[in-house]
Amino acid sequence: MANDTLKLQAIISHCKEYGFIFPSSEIYDGLSAVYDYGQYGSELKKNIRDYWWKSMTQLTDNIVGIDAAIFMHPTTWKASGHVDNFSDPMIDNKDSQKRYRVDHLIEAYADELEAGIGEREAGSGKQEAKEILETMDRLLAQNDFEGLKKLIEEKNIKCTISGTSNWSDVRQFNLMFSTQLGSLAEEASEIYLRPETAQGIFVNFLNVQKTGRLKIPFGIAQTGKAFRNEIVARQFIFRMREFEQMEMQFFIRPGTQKEWYEHWKETRMKWHLSLGISPDKFRFHDHVKLAHYADAACDIEYLFPMGFKEVEGIHSRTDFDLKNHQEYSKKKLTYFDTELNQHYIPYVIETSIGLDRTILMILSEAYQEEDLSTADKKDSRVVLKFPPMLAPVKLAILPLVKKDGLPEIAKELMSACRSQFRCFYEEKDTIGKRYRRMDAIGTPFCVTIDYQTKDDRTVTIRYRDSMQQERISIDSVREIVEKQIL
Ligand code: ATP
């Protein structure tokens, strides 16, 4: 098994080799921090999105889904605070001209201290790293840019390219992409590519509430693309400039936000654990510096190959967004609570998870290099141990040879199963090679049709994780697979 630093590299190569994820427009050398999902990656992505969507909208009583446009009226982003506040403190290295997000620069230094890179022993810098991160959180919370620059200089943090600490002042940099709506320059107006999906929910709050006759507490869920001009775009699909979010805004009575915040923290953590991931791979990280809209916020962090990092944010957004949209649009956005006989602007708890980061989390869990060597033979395999419900292909149907009526039986099985779940048919190469290819894309079940099938309608089913094989009736295959993928 590759160690953790190599594991991310191994996952990236594997994803490319087996049709999961490619650099965008690769024939032109790619586009930084933009990726395309291939034939298996897009299936995996769809399955994760569906799993989230089902748990939010189908399995919860009072949450409905919508699909709002990426383009929104430009005033939306004024009202939401993104025009003025959606920025990160940045610093430039004057020698290399490279721009860094201040928190990333300091965090990378703290990670090195902790890992004992340089002359230190691993772990010896743990206390110092902790102190640096605490100081950074405090300075960020106070918007103390001079203090942040001083911290970087005091610690003699260097640019990885020039190797110098010749830094500019710390400045804010807005992360929204803008473009022009309209065909003629004089008619065009500047609009933004949404940096989060949430605002599409807020501006539709009353449309959905009224047409759905929804009573508070209720939620609106949405999945879709978001765009951020990330400065430090690295770590594969962890930080992208175009990515997908799965967000849910839960509308509640003012004053009940603490209970609902706790409720959603717990509910979302349970969802992550339902993916079969061990609890010690997760932790909560409470925000010290709160976003401009929040009165409480935390992240669910997962232990990625590059360390604990945010996969989902849970934010108590107060009535900030609806109140501002009401003010800017001059349209009433209040709700009438029949039980209280009162009009009010609801408070909101948001759960916001990145689909691409979830994919990276699932890949990090699933990817395994197994040594299968015996005394007389060296052997190994790379296997993606996806939960069966998320696997891009559920069942591979493999006739032993491509003659003597075996492909016909295999195709019969294929037509019995393909309307229920994704199947894959292959008749080339040895069965061993075909099994390995299915392991590499994470197919949980393979079924081989051989000569015995012609006599007694039995087939060999092979389980991906244990590699065990069993003889079963061909008529029970569909049911066995269906049971595992619900
Ligand atoms: P970070 O601090 O890592 O930039 P954030 O706190 O800005 O993330 P949120 O605004 O809370 O992120 O967005 C919610 C979720 O959207 C995140 O938890 C993450 O999963 C996902 N996300 C945010 N930015 C990106 C990105 N650039 N690439 C991929 N996913 C992202």
Side-chain angles (χ1 to χ4, degrees), residues 21 24 31-37 45 48-49 52 77 80-82 85-90 100-108 133 136-137 140-141 172-177 193-201 221-249 261 264-265 268-269 271-272 282-294 296-302 304 306-317 320-321 348-364:
I21 301 166
S24 161
L31 187 64
S32 166
V34 186
Y35 289 90
D36 296 339
Y37 286 85
K45 190 176 187 187
I48 296 174
R49 191 195 294 114
W52 179 90
W77 306 109
S80 68
H82 283 81
N85 293 312
F86 193 58
S87 48
D88 280 326
M90 303 286 174
Y100 293 86
R101 235 174 87 172
V102 166
D103 56 339
H104 289 165
L105 184 67
I106 299 174
E107 273 167 11
L133 292 178
M136 176 187 82
D137 278 344
L140 283 171
Q172 293 279 45
F173 181 91
N174 196 295
L175 299 180
M176 283 198 293
F177 284 102
L193 272 70
R194 66 181 178 198
E196 61 173 26
T197 57
Q199 297 305 324
I201 295 179
Q222 172 167 227
T223 69
K225 288 278 175 111
F227 305 82
R228 296 183 186 178
N229 198 1
E230 300 280 4
I231 290 306
V232 184
R234 50 179 182 166
Q235 289 164 343
F236 193 36
I237 54 169
F238 181 82
R239 188 169 301 287
M240 301 157 86
R241 295 201 164 106
E242 173 181 341
F243 57 99
E244 194 163 331
Q245 288 186 314
M246 306 189 287
E247 296 199 301
M248 192 281 298
Q249 313 294 324
Y261 176 63
W264 280 109
K265 268 176 83 171
R268 293 307 302 151
M269 185 57 98
W271 183 87
H272 285 274
F282 290 107
R283 69 181 187 195
F284 283 110
H285 172 252
D286 292 318
H287 288 199
V288 179
K289 177 177 165 55
L290 291 171
H292 57 274
Y293 50 74
C298 69
D299 301 331
I300 294 180
E301 294 186 339
Y302 165 75
F304 285 99
M306 60 279 187
F308 270 108
K309 303 262 178 218
E310 168 178 350
V311 64
E312 172 157 12
I314 296 154
H315 311 123
S316 173
R317 287 182 85 126
F320 177 90
D321 302 87
V348 171
I349 305 296
E350 165 182 80
T351 69
S352 173
I353 178 169
L355 177 52
D356 312 271
R357 278 192 199 175
T358 311
I359 293 171
L360 186 57
M361 172 173 90
I362 297 292
L363 282 167
S364 308

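Counting convention: from 1, in listed order, for ligands and their atoms alike. Since the model is a prediction, treat every value here as computed from it, not as a measurement. The chain is numbered in sequence order, starting from 1.
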For E247, the salt bridge (charged side-chain N to carboxylate O under 4.0 Å, His left out) test, sequence neighbours excluded, returns none

Exercise. Without hydrogens or angle criteria, can the side chains of E312 and H272 be said to hold a donor-acceptor pair below 3.5 Å?
Worked result: yes

Notebook entry, point to check: Mind checking whether R241 and F227 have side chains closer than 4.5 Å, heavy atoms only?
Noted result: no

Residues passing the side chain to side chain contact (heavy atoms under 4.5 Å, CB included) test with D88, sequence neighbours excluded, are M90, R101, L175

Protein neighbours of ligand 1 with a heavy atom under 4.0 Å, given by chain and number, are R101, R228, E230, F238, R239, M240, F243, Q245, E310, V311, E312, G313, H315, S352, G354, R357

Hits for salt bridge (charged side-chain N to carboxylate O under 4.0 Å, His left out) against E242, two or more places apart or cross-chain, chain-then-number order -> K225

With the side chain counted from C-beta on, respond yes when S316 and Y261 share a heavy-atom pair under 4.5 Å apart, and no when they do not.
yes

